[in-house]
Structures are given as C-alpha cells and as structure tokens.
Number of protein chains: 2
Amino acid sequence: MQTLSKNAPMPVVRRLPKYHRNLKELLEEGITKISSKDLSERMGLTASQIRQDLNYFGGFGQQGYGYNIEDLIKVIEDILSINNKYNCIIIGAGNLGKAISNYILNLDGNAKVLAMFDVDAGKTNKIFNDINIYNMSELKDYLKKNEIDIAILAVPKSSGVEVAKDVINNGIKSIWNFSTADIAVGNDIVIENMAINESFYTLTYLISENKK
Amino acid sequence: MQTLSKNAPMPVVRRLPKYHRNLKELLEEGITKISSKDLSERMGLTASQIRQDLNYFGGFGQQGYGYNIEDLIKVIEDILSINNKYNCIIIGAGNLGKAISNYILNLDGNAKVLAMFDVDAGKTNKIFNDINIYNMSELKDYLKKNEIDIAILAVPKSSGVEVAKDVINNGIKSIWNFSTADIAVGNDIVIENMAINESFYTLTYLISENKK
DNA sequence: TTGAGTTTGTTTTATATTTAACAATATCAT
DNA sequence: ATGATATTGTTAAATATAAAACAAACTCAA
C-alpha cells in the first residue's frame with residue numbers, strides 16, 4: 001500500500017481533510033467500512049469523485065466491500081502528514097492570535113505553539129495557554145535558538161509583508177497567513193493564506209446573487 | 001456600463017477581492033490607470049485571465065489605454081455588493097468572535113456587528129467594541145426584533161450544526177462559518193465557510209511535498 | 001461451491017477553467 | 001491629421017477537473 005503522490009491536483013488535496021473528518025465521525029459512530037457511494041451521499045459529492053480522488057494516491061478499497069474506515073483514515077493522515085510534529089510560533093498575540101492558539105490546542109497534539117510574539121508591550125511578557133508572549137524584538141534571537149516549522153501570522157495588514165520577510169530571513173520555511181496582506185514568497189517557501197477578505201466579499205456577492 | 005453577472009464562475013468571483021485590493025493600493029500610490037499586462041505582473045496572474053475575468057461582467061477597459069482604476073474599483077465593489085449595508089451578529093464571544101469583530105470594525109463601515117452571543121455566563125452581559133454580548137437564550141427573541149443579514153459562527157465544532165439550525169430557524173439567510181463543523185443548508189440559505197481545518201492540513205501537505 | 005449482487009480502479013467522456021491568439025479600436029507623439 | 005504602438009474584448013485552443021461508464025474482482029447468502 002503506497003501513498004506516494006502522483007502529483008495530485010490541489011482541489012483533490014483540499015478535499016482530503018473533509019474526507020478525514022467524515023471518516024473520523026463514522027468511526028466514532030461505530031461504523032468500520034463504507035462504500036464510495038454511501039460516503040458520497042453523506043458528503044454531498046459523487047462516488048466517482050471520491051474513488052478518483054483516492055486513486056491519485058493509491059488503491060485503498062476492495063471490490064464488493066468498500067473502504068476500511070480505520071485504514072483509510074491512516075492513509076489520509078499519512079498523505080497530509082497530519083501526524084508529523086509541527087513546532088509553531090504565532091506572531092500577533094491579540095484575539096486572533098489567541099484564537100489560533102486555542103485551535104491548535106484542540107488539534108490532536110501534533111502541532112504545538114511554542115511561543116507568541118507581539119509589538120504591544122501591554123501584551124508581552126505574559127502567558128497564554130501556557131505559552132510565553134515575547135516582544136517582537138526577541139523574534140530573531142528566538143528563531144536562532146529554536147527549530148520552528150511554521151510561523152503563523154496574526155498581525156494587521158500593515159505589518160504583514162514586513163513580518164513575513166522577517167521570519168523568512170530568519171529561516172522559516174512555512175507560513176500560515178491570517179493577515180489580509182498579500183505576501184509574495186520564493187519557491188522554497190510554503191505559504192497558506194486564510195484569505196478572510198476573499199471569504200467575506202464572496203459572501204456578500206453570494207448574498208446579492210441569492211436575492212435575484 | 002452594466003455589471004450584471006452572466007453567471008460568472010466561482011473562481012472568478014473569488015479573484016475579484018484580490019483585484020479590488022490591488023487596485024485600491026495602486027490608487028493610493030497615485031496611479032490612475034493600468035493595463036491588464038501591468039496588473040498581471042503585479043498580481044502574478046496572466047493578462048488574459050484578468051481581461052476574461054472582468055469580461056464576465058462587462059467591458060470596462062479601453063483599447064490602447066487600459067483600465068481606469070477608480071472606475072474599475074467601483075465596478076468591482078458593485079459586483080461584490082461591498083457597499084451594501086450588512087447587519088451582522090456573532091455567535092461565540094471568545095477570542096475568535098472578538099477577532100472577527102475587530103476585522104469587521106476595520107472594514108469600511110458597510111458591515112456592522114450589532115450583537116454578540118455566548119453560552120458562557122462569564123462572557124455575557126459585557127460589552128466589546130461597543131457591542132453587547134448576550135446570552136444564547138436571548139438569540140431567538142433578538143432575531144425576532146432585529147433585521148440581521150449575516151450570522152457569523154465562531155463556536156466550537158460540537159455546537160456548530162445546532163447553532164446554524166437555530167439561526168436559520170429564526171430567519172437568518174446568510175452564514176459566515178468559522179467553526180469547523182460541516183454545515184448543510186437548504187437552497188435559499190447562503191453559507192461561506194472559512195475552513196480552517198482544510199487550510200491547516202493543506203499547509204502540512206505542502207510542507208511535506210516541499211521537503212521531497 | 002456457486003452465482004447474483006456490490007463496489008472498486010480505471011478508462012472514457014463531458015465540463016470547466018485557463019491560456020493563447022488576434023482583429024478591432026483607441027492612444028499619442030509628431 | 002496620421003500612423004506606429006498599445007491594449008482591449010472576444011474567439012479559439014489547451015489544460016484541468018469532474019462525471020459517467022464499465023470490466024474486473026470481491027462479497028456473501030443459500
């Protein structure tokens with residue numbers, strides 16, 4: 001059973017977490033196997049799409065039977081590298097940074113926030129979720145002394161680009177960007193944008209379309 | 001100059017906010033016109049895509065000249081209905097709810113949070129950003145007495161589905177969902193998901209691919 | 001053990017999206 | 001005013017994604 005990506009399209013990759021979530025729920029309901037047809041009805045997709053999505057990574061099902069849920073969960077976790085350990089820092093210790101810290105705490109323990117940073121002296125030198133909040137001036141030194149996998153940006157738009165440059169210059173290879181800044185990165189850096197702007201304006205568009 | 005949608009594809013719609021943001025920045029830089037070629041270089045797209053995207057809604061440029069930035073901004077705002085007034089409530093007054101409240105405050109004033117709700121008595125009967133935080137038990141009555149356009153869900157996954165049902169049953173037609181719950185809605189309801197899970201696991205996937 | 005019924009993996013077809021090409025038309029320097 | 005240059009809107013081609021179709025292979029009840 002190989003799970004080597006044959007260069008799967010991004011739309012497929014972005015569906016995998018949804019499969020994962022639904023399969024976990026099924027397992028909790030005590031169900032041990034499922035066909036692409038049943039899963040498709042539950043998730044509002046076509047069975048064909050599910051089979052084809054999974055087949056970008058390998059053949060994990062069995063004719064006449066379907067997919068073993070427990071196995072498939074493990075396969076997907078493997079593909080997405082969910083079970084690796086990720087050391088994170090959060091830049092920005094406002095409500096957004098704290099909300100993200102909570103989110104990661106509720107994950108299954110594979111990702112961990114090791115430090116938070118802020119420019120605001122009123123927020124620094126405190127502890128949140130057992131995490132130290134440092135001043136931004138300490139960032140460079142911190143990154144030298146600690147191996148950090150992911151820098152999470154929870155800063156205002158105005159400082160987004162600058163902070164991104166900062167962390168990249170100090171060795172960060174992956175950014176989860178919650179700021180509304182447009183951040184351009186080189187080819188060796190991975191960035192994932194939460195795009196709250198795009199989301200809100202898409203909603204307002206859909207609302208106006210819905211009224212027609 | 002008409003801006004009636006010829007049923008534009010969603011990928012096009014989701015690019016419009018990005019055009020909008022870049023055009024606003026250009027205007028701030030004192031630039032008044034731009035060609036699809038120059039804009040494409042700035043945004044990392046193809047000029048062809050920009051021209052075709054815009055042409056789903058109308059012909060806003062001029063041969064040999066390009067696009068008038070100020071006009072184009074207005075057109076996009078019109079398409080996305082950015083300048084309509086949106087009355088919002090936020091369900092969940094934790095860090096996430098507060099972060100969203102801040103985000104909306106930083107918008108240009110067209111969206112407004114009129115109330116927040118929480119189940120936690122420790123959070124209710126307080127004021128944040130001049131907004132009252134009510135107990136969830138008051139939600140139904142509040143929605144009866146106030147015209148709310150958008151319900152923003154900033155609740156834990158466990159209560160996401162239930163809260164969504166609640167607001168829909170009380171007349172809400174549009175939901176901006178920040179919870180990690182999978183929410184199924186009828187055809188007359190608009191929902192936009194922030195999909196934080198999908199985003200994080202896509203990031204971990206990209207990180208592992210980046211290392212290959 | 002058999003065979004009707006299931007369900008996969010994969011191929012084929014259809015649809016959606018992006019890119020390229022280019023005629024039509026405007027600009028702008030002279 | 002003119003024409004070389006720029007740039008659009010739009011059509012055509014290419015690519016990417018999704019759906020349908022189906023042979024192969026398994027399950028499971030009798």
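Letters go in sequence order (proteins before strands), and every chain restarts at 1.
Place G61(B) and Y65(A) on DNA chain D by their nearest nucleotides, and G61(B) ends up nearer the 5' end.
E41(A) has a carboxylate O that lies under 4.0 Å from a charged side-chain N of K37(A), or vice versa, which qualifies the two as a salt bridge. Ion pair E147(B)/K85(B) not flagged as a salt bridge, since none of the NZ, NE, NH1 or NH2 atoms sits closer than 4.0 Å to an Asp/Glu carboxylate oxygen.
Within residues 30-49 of chain B, the residues that place at least one heavy atom under 4.0 Å from DNA chain D are, in residue-number order, S35(B), S36(B).
The CZ-P distance, from F60(A) to dT10(C), rounds to 11 Å in whole Å. Distance M10(B) CE to dT17(C) P: 10 Å, rounded to the nearest Å. Between Q63(B) atom CD and dA23(C) atom C1' the separation is 10 Å, expressed in whole Å. Taking atom CG on D53(A) and atom P on dA19(D), their separation rounds to 10 Å, with Å as the unit. When rounded to the nearest whole Å, the span between CD of Q52(B) and C1' of dT7(D) equals 16 Å. For Y56(A) and dT10(C), the OH to C1' distance is 12 Å, given to the nearest whole Å. Atom CG of L72(B) and atom P of dT8(D) are 11 Å apart (whole Å). Following rounding to the nearest Å, Q62(A) (CD) and dC26(D) (P) show an atom-to-atom distance of 7 Å.
For R51(A) and dA18(D), the shortest distance from a side-chain N or O to OP1 or OP2 is not below 4.0 Å.
Checking dA18(D), dT8(D), dT18(C) against every side-chain atom of Y67(B), the shortest atom distance belongs to dT8(D).
L23(B) pairs in a side chain to side chain contact (heavy atoms under 4.5 Å, CB included) with only one of the listed residues (V75(B), D71(B), I69(B)), which is I69(B).
Here the straight-line distance linking atom CG of N110(A) with atom CD of E77(A) works out to 8.0 Å at 0.5 Å rounding. Here the CG atom belonging to L45(A) is positioned 7.5 Å from the CG atom belonging to L39(A), to the nearest 0.5 angstrom.
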message: Under the criterion salt bridge (charged side-chain N to carboxylate O under 4.0 Å, His left out), I'd like the reasoning laid out for K24(B) against E28(B): C-alpha separation, chi angles, the key distance, then a yes or no.
response: CA-CA 6 Å; K24(B) 288 273 253 187; E28(B) 271 168 35; over 6 Å; no
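Between W176(A) and F200(B), the ring planes are tilted. Angles from 30° to 60° get that label.
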